[in-house]
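A quick note: this is a predicted structure, and the numbers were derived from the prediction, not measured. If you read the sequence from its start, that first residue is 1, and numbering goes on from there.
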Amino acid sequence: TITLTTQNISLFGTINGGTVKNLTIAATNDVTEPVLINDGNNHYGILAGLAKSNATIENCSNIVNIICDRNVTVVDLGGLIGLANNCNISNCSNAGNLVVNATNIGGVIGQGSNLANFSGCNNYGDITITSSSESVITKTCGGVAGLFSSMSSSDIFITDCHNQGKITIAKASTIESYIGGIVGQLTCNIKNCSNSGEIACSTIVNRVKVIGGIAGTYNVNTVTRTMYNCSNEGNITAVDGFQNMIVGGLLGENKRMNIKNCYAYCNLKGTNVAGITYKGIDLFDNVVISNCYFYGTLNCSSSYKYGIAGTSYTNKKFLIDHCYYPSEYNLCYSIGDNAS
């Protein structure tokens with residue numbers, strides 16, 4: 001264990017290659033107004049602002065609370081690492097509470113780009129998005145990671161990651177935001193992950209929020225990926241705002257992700273809600289939802305609530321096979337046009 005006595009800096013500014021392992025970071029007080037690492041954008045994590053160049057981060061944990069309300073338009077902020085680029089990260093955890101205002105927010109990492117491995121990472125701390133500045137735009141937030149980007153290989157997975165912390169959107173951006181129990185926005189496969197933390201969005205001035213118990217959005221329409229063996233038991237409460245609150249028990253917005261052997265055992269509230277995934281947008285291929293179940297209640301201010309899936313918005317369909325949902329709800333938006 002290393003205990004920080006200077007309250008506003010990372011242990012490392014940048015980890016450029018090399019290995020950091022078997023390390024717990026503590027502090028004598030909460031970290032407030034942290035110093036950001038700037039390489040064109042801004043990054044902060046209690047272990048490092050930036051990790052890159054095949055760095056390996058293994059079995060590291062944070063137990064420090066981070067409070068950050070900075071009037072900086074682009075910030076990647078994580079409990080451990082702000083931006084992880086071309087790294088291997090495994091068996092890391094965060095137990096500190098984050099009360100933050102940033103662009104990409106995650107309990108363990110704010111943003112992951114071109115990661116070769118991201119596995120066995122857990123978040124136990126609560127995350128609260130709050131802002132005193134309308135110029136700071138929260139785009140992604142996840143219990144474990146905010147944004148996963150540029151993962152082109154089909155064998156890249158987020159694996160064995162879990163979140164128990166509550167995510168509260170008390171003040172967020174004036175554009176769409178993606179919120180997930182594990183990851184806000186992803187472009188890779190995900191398996192064996194679970195969320196039990198509640199997600200609550202209660203500020204009525206917020207615009208569109210896309211929320212999923214596992215991921216807010218799979219945001220690639222050119223490559224099909226898969227969610228395997230994932231579960232959500234955290235309730236999602238999204239009070240209607242200036243525009244829609246789109247809620248999926250597992251995945252909010254789905255551009256091209258199959259969902260297999262997964263379940264959501266929770267209560268959902270929003271403008272548009274579905275037990276497994278709601279919004280299929282820009283689908284370039286049919287999406288398979290198989291061997292999945294939803295058990296819980298759907299609380300919706302409109303009529304758009306469905307046991308398994310919402311609408312596809314294109315001529316491609318949700319293909320639903322061997323799925324369970326409460327009988328008081330319709331299976332999906334429309335058999336034929338949107339699903340089969």
Side-chain angles (χ1 to χ4, degrees), residues 4 7-15 25 27 30-52 57 60-85 87 89 92-113 115 118 121-149 161 163 165-173 177-186 197 216:
L4 301 178
Q7 258 54 65
N8 63 348
I9 61 171
S10 306
L11 179 63
F12 299 102
T14 299
I15 300 173
I25 302 176
D30 296 344
V31 169
T32 58
E33 295 304 304
V35 174
L36 304 175
I37 301 303
N38 191 325
D39 66 340
N41 291 322
N42 298 274
H43 321 292
Y44 180 80
I46 201 74
L47 175 63
L50 173 64
K52 63 180 183 178
I57 315 298
C60 294
S61 61
N62 169 51
I63 57 174
V64 183
N65 297 329
I66 300 173
I67 301 169
C68 180
D69 188 359
R70 301 292 294 273
N71 188 14
V72 180
T73 55
V74 179
V75 180
D76 298 316
L77 191 147
L80 274 176
I81 299 170
L83 172 63
N85 184 15
C87 297
I89 301 175
C92 293
S93 66
N94 172 63
N97 296 324
L98 309 182
V99 182
V100 296
N101 175 30
T103 310
N104 302 304
I105 304 164
V108 177
I109 65 173
Q111 180 179 172
S113 178
L115 297 188
F118 189 80
C121 293
N122 301 316
N123 177 60
Y124 307 100
D126 294 338
I127 301 174
T128 301
I129 301 173
T130 182
S131 173
S132 62
S133 172
E134 295 295 338
S135 65
V136 180
I137 297 173
T138 300
K139 292 182 179 179
T140 68
C141 176
V144 177
L147 171 65
F148 268 73
S149 61
C161 294
N163 175 58
K166 180 178 180 179
I167 300 174
T168 302
I169 302 94
K171 186 75 175 291
S173 65
S177 296
Y178 302 103
I179 316 297
I182 299 298
V183 56
Q185 178 177 322
L186 79 163

Please round to the nearest 0.5 Å and tell me the distance separating atom [atom1] of [X] and atom [atom2] of [Y].
| X | Y | atom1 | atom2 | value |
| --- | --- | --- | --- | --- |
| Leu147 | Tyr178 | CG | OH | 11.0 Å |
| Ile57 | Leu115 | CD1 | CG | 10.5 Å |
| Ile67 | Thr128 | CD1 | OG1 | 10.0 Å |
| Leu98 | Ile167 | CG | CD1 | 10.0 Å |
| Leu50 | Ile15 | CG | CD1 | 9.0 Å |
| Ser113 | Asn104 | OG | CG | 11.0 Å |

Who are the side chain to side chain contact (heavy atoms under 4.5 Å, CB included) partners of [X], not counting sequence neighbours?
| X | answer |
| --- | --- |
| Asn38 | Asn42 |
| Leu11 | Ile2, Leu4, Leu23, Ile25, Leu47 |
| Ser10 | Tyr44 |

Pairing residues for [X] by the side chain to side chain donor-acceptor pair (under 3.5 Å) criterion, not counting sequence neighbours:
| X | result |
| --- | --- |
| Ser93 | none |
| Asn62 | Asn94 |
| Gln111 | Asp76, Ser149 |
| Asn65 | Asp30 |

Which heavy atom of [X] sits nearest a heavy atom of [Y], and at what distance?
| X | Y | result |
| --- | --- | --- |
| Val183 | Gly146 | CG2-O, 3.7 Å |
| Ala51 | Cys87 | O-SG, 3.2 Å |
| Val64 | Ala27 | CG2-N, 3.6 Å |
| Ile127 | Gly142 | CD1-O, 3.6 Å |
| Cys161 | Asn122 | C-OD1, 4.1 Å |
| Ile89 | Ala84 | CD1-CB, 3.6 Å |

**Request:** Side-chain contact test, heavy atoms from C-beta onward, threshold under 4.5 Å: evaluate it for Phe118 versus Ile109 and give yes or no.
**Result:**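 Side-chain contact under 4.5 Å: yes.
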**Request:** Evaluate the side-chain proximity of Val75 to Leu36: yes if any heavy-atom separation is below 4.5 Å, no if none is.
**Result:** yes
**Request:** Can you run down the salt bridge (Lys or Arg N to Asp or Glu O under 4.0 Å) pairs that involve residues 33-50, sequence neighbours left out, and say none if there aren't any?
**Result:** Glu33-Arg70
**Request:** Evaluate the side chain to side chain contact (heavy atoms under 4.5 Å, CB included) criterion for residues Thr168 and Ile129: first the C-alpha distance (whole Å), next the side-chain angles of each, then the deciding distance (0.1 Å), finally the verdict.
**Result:** CA-CA 6 Å; Thr168 302; Ile129 301 173; over 6 Å; no
**Request:** For Asp126 and Asn97, indicate whether the former's side chain and the latter's backbone hold a donor-acceptor pair under 3.5 Å.
**Result:**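 A pair under 3.5 Å: no.
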**Prompt:** Any donor and acceptor pair, going by atom type alone, linking the side chain of Thr103 with main-chain N or O of Thr138 inside 3.5 Å?
**Reply:** no
